[in-house]
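Presented below is the structure to which this report refers.
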Amino acid sequence: MSKGSQLEGYCMDLLAELAKKLGFKYKVHLVKDGAYGRQDESGNWNGMIGEVVRGEADLAMAPLTLTAAREKAVGMTKPYMQTGISILLRKDIVSEEAGFFDFLSPFSGETWFGILIAYFVTAVCICIVGRLSPCEWSQPETEPNRFTLLHSLWYAAGALSLQGAGPHPKAVSGRVISCTWWLFAVVLLACYFSSLSSSQGSDSAPLMIKGFEDLANQDVIEYGTLASSSTLAFFKNSNNPSYRRIYEHMERRKSFVSSMDEGVQKAKEGNYAFIGESVSLDLAVARHCELVRAHEVIGMRGYSIVTPLGSPMLKNLSVAILQLSEAGELTYLRTKWWASSCIPDSAKGSSLRAHSMKGIFLVLAIGLGIGVLLSLFELTSKSRSTAGEQKKSCCAVLTQELSQRLRMTNTKGAQETSDKNKA
């Protein structure tokens, strides 16, 4: 890439590292015809390969793929990077395949877990309040308690579905918990449906292109590749029916581009898929946030540095590339130049996490706490009133009330178990 009067990029950094390791000086010039190198019908090479063959350059440093035809004409080092062939498209003209559990996508996993915990804690609090509050169970000896744990779970589930499940609490403490849980349910459902509708709206694309098979089987999106490139030769020489159809379509429509920049620009404009080498496409995706590369990569091969046939530098360059790879320098350079400049769009297609809903969880926790405290206050007030009437201590009456409720609960549970066994 140009930076003023200088050049910068992965290849320039790699060339500098090789020069430092092998101790040579160099002068860089751009290839005159702007091509990588292709052999014509008369056997002559153009582009970078042609300049090396004619002795106009000692090295060719570029994303040059190692091919059999080039290996016959020039010397090529060990690959310094692996690449393949993939597809570059605009994000808004393709869609992903819908999954069976996409209806869970509005909330993250931790949010769903938090909702489940909140549901069970609320049901337990309703059950406890139903046991403690005198307004819910004023005569434990004769009056059955309506808010068992099973009914409390059913009552909380009914609120989540906005249907309700009676009977409803009569005590103030129970009503506080119920109102807080209803508020939680309303806010939760509003967030869920809002996020679900926005995610469905963002994925309303007409096509689903995951690879070359999908590309070959449609005629809505135009596609092409770099003219006179090894990518074009791959499709031309392939025996795969899908790849042959892709080549015949490009040849028939003459949908080739003259440069990588032109292919990226056409893909940015929309309704065009640019077929190129995955490494170059990844770089375009990192620079242009509206683009995306297909997951499928075919025809894996390597990028090599070109030298004249029989050059004494060929062996030394290959060894130096292997040394840089073993030292992690090539990985560092890849990370440096392929770092994405795009800021993720968190407003589209993102799951709501628990920390983004912490306010409503906090409100629910406060409501549950207030409800339980109110039930204890109601029980204490009733015990104090009873203690005054019976002229007993408040603690004795309170202990009697609690033991009475617990005994009735256990007796009722044992009776239900006995009835089931008899049945």
Side-chain angles (χ1 to χ4, degrees), residues 107 111-194 352 354 357-389 394-395 397-413 416:
F107 294 150
T111 302
W112 284 115
F113 181 74
I115 293 170
L116 187 63
I117 295 298
Y119 166 71
F120 281 110
V121 171
T122 302
V124 170
C125 287
I126 292 175
C127 182
I128 292 174
V129 167
R131 290 281 188 272
L132 296 180
S133 177
C135 299
E136 296 292 347
W137 200 4
S138 57
Q139 297 295 329
E141 298 88 350
T142 59
E143 182 182 346
N145 183 268
R146 297 173 299 177
F147 282 97
T148 62
L149 181 59
L150 182 61
H151 178 71
S152 299
L153 289 170
W154 180 246
Y155 184 83
L160 279 176
S161 61
L162 299 181
Q163 295 299 313
H168 299 286
K170 295 185 297 182
V172 175
S173 55
R175 292 180 180 183
V176 168
I177 293 180
S178 297
C179 291
T180 308
W181 179 245
W182 290 340
L183 175 63
F184 178 85
V186 169
V187 174
L188 185 72
L189 292 174
C191 293
Y192 176 82
F193 288 117
S194 175
L352 288 175
M357 299 180 64
K358 58 185 179 182
I360 191 62
F361 278 98
L362 179 61
V363 169
L364 177 63
I366 293 174
L368 295 180
I370 292 175
V372 172
L373 291 176
L374 280 175
S375 67
L376 291 173
F377 176 76
E378 290 168 348
L379 179 61
T380 304
S381 299
K382 176 68 183 305
S383 300
R384 185 176 298 173
S385 174
T386 304
E389 294 173 358
C394 183
C395 291
V397 173
L398 181 61
T399 303
Q400 180 182 353
E401 291 277 350
L402 289 175
S403 61
Q404 207 171 29
R405 281 163 168 73
L406 182 60
R407 186 171 60 253
M408 287 300 297
T409 300
N410 293 337
T411 303
K412 183 180 179 183
E416 290 176 351

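Excluded from the calculations below are hydrogen atoms, water molecules and symmetry mates; all remaining heavy atoms, backbone and side chain alike, are included.
A 4.5 Å side-chain heavy-atom check between Leu160 and Leu188 finds at least one atom pair inside the cut-off. Residues Phe184 and Val363 form no side-chain contact, since every pair of their non-hydrogen atoms from C-beta on lies 4.5 Å or further apart. At least one side-chain heavy atom of Cys191 sits under 4.5 Å from a side-chain heavy atom of Phe107. The shortest distance between side-chain heavy atoms of Trp181 and Tyr119 falls below 4.5 Å. Here the side chains of Ile115 and Phe361 are in contact, with some heavy-atom distance below 4.5 Å. The shortest distance between side-chain heavy atoms of Leu368 and Thr180 does not fall below 4.5 Å.
Checked options Val372, Ile126, Leu376, Val129; the residue passing with Ser173 is Val129 (criterion: side-chain contact (heavy atoms from CB on, under 4.5 Å)).
The environment of Leu362 atom CG is dense: over 12 non-hydrogen atoms of other residues, nucleotides or ligands sit within 6.0 angstrom.
A pairwise comparison of heavy atoms in Leu364 and Ala118 identifies CD2-CB, 3.6 Å as the closest pair.
In this structure, Trp112 and Tyr192 have perpendicular ring planes: the angle between them is above 60°, well past the 30° mark.
The CG atom of Leu374 lies 7.0 Å from the CD1 atom of Ile370; values are rounded to the nearest 0.5 Å. Atoms OG and CD1, from Ser375 and Ile177 in turn, are 7.0 Å apart once rounded to the nearest 0.5 Å.
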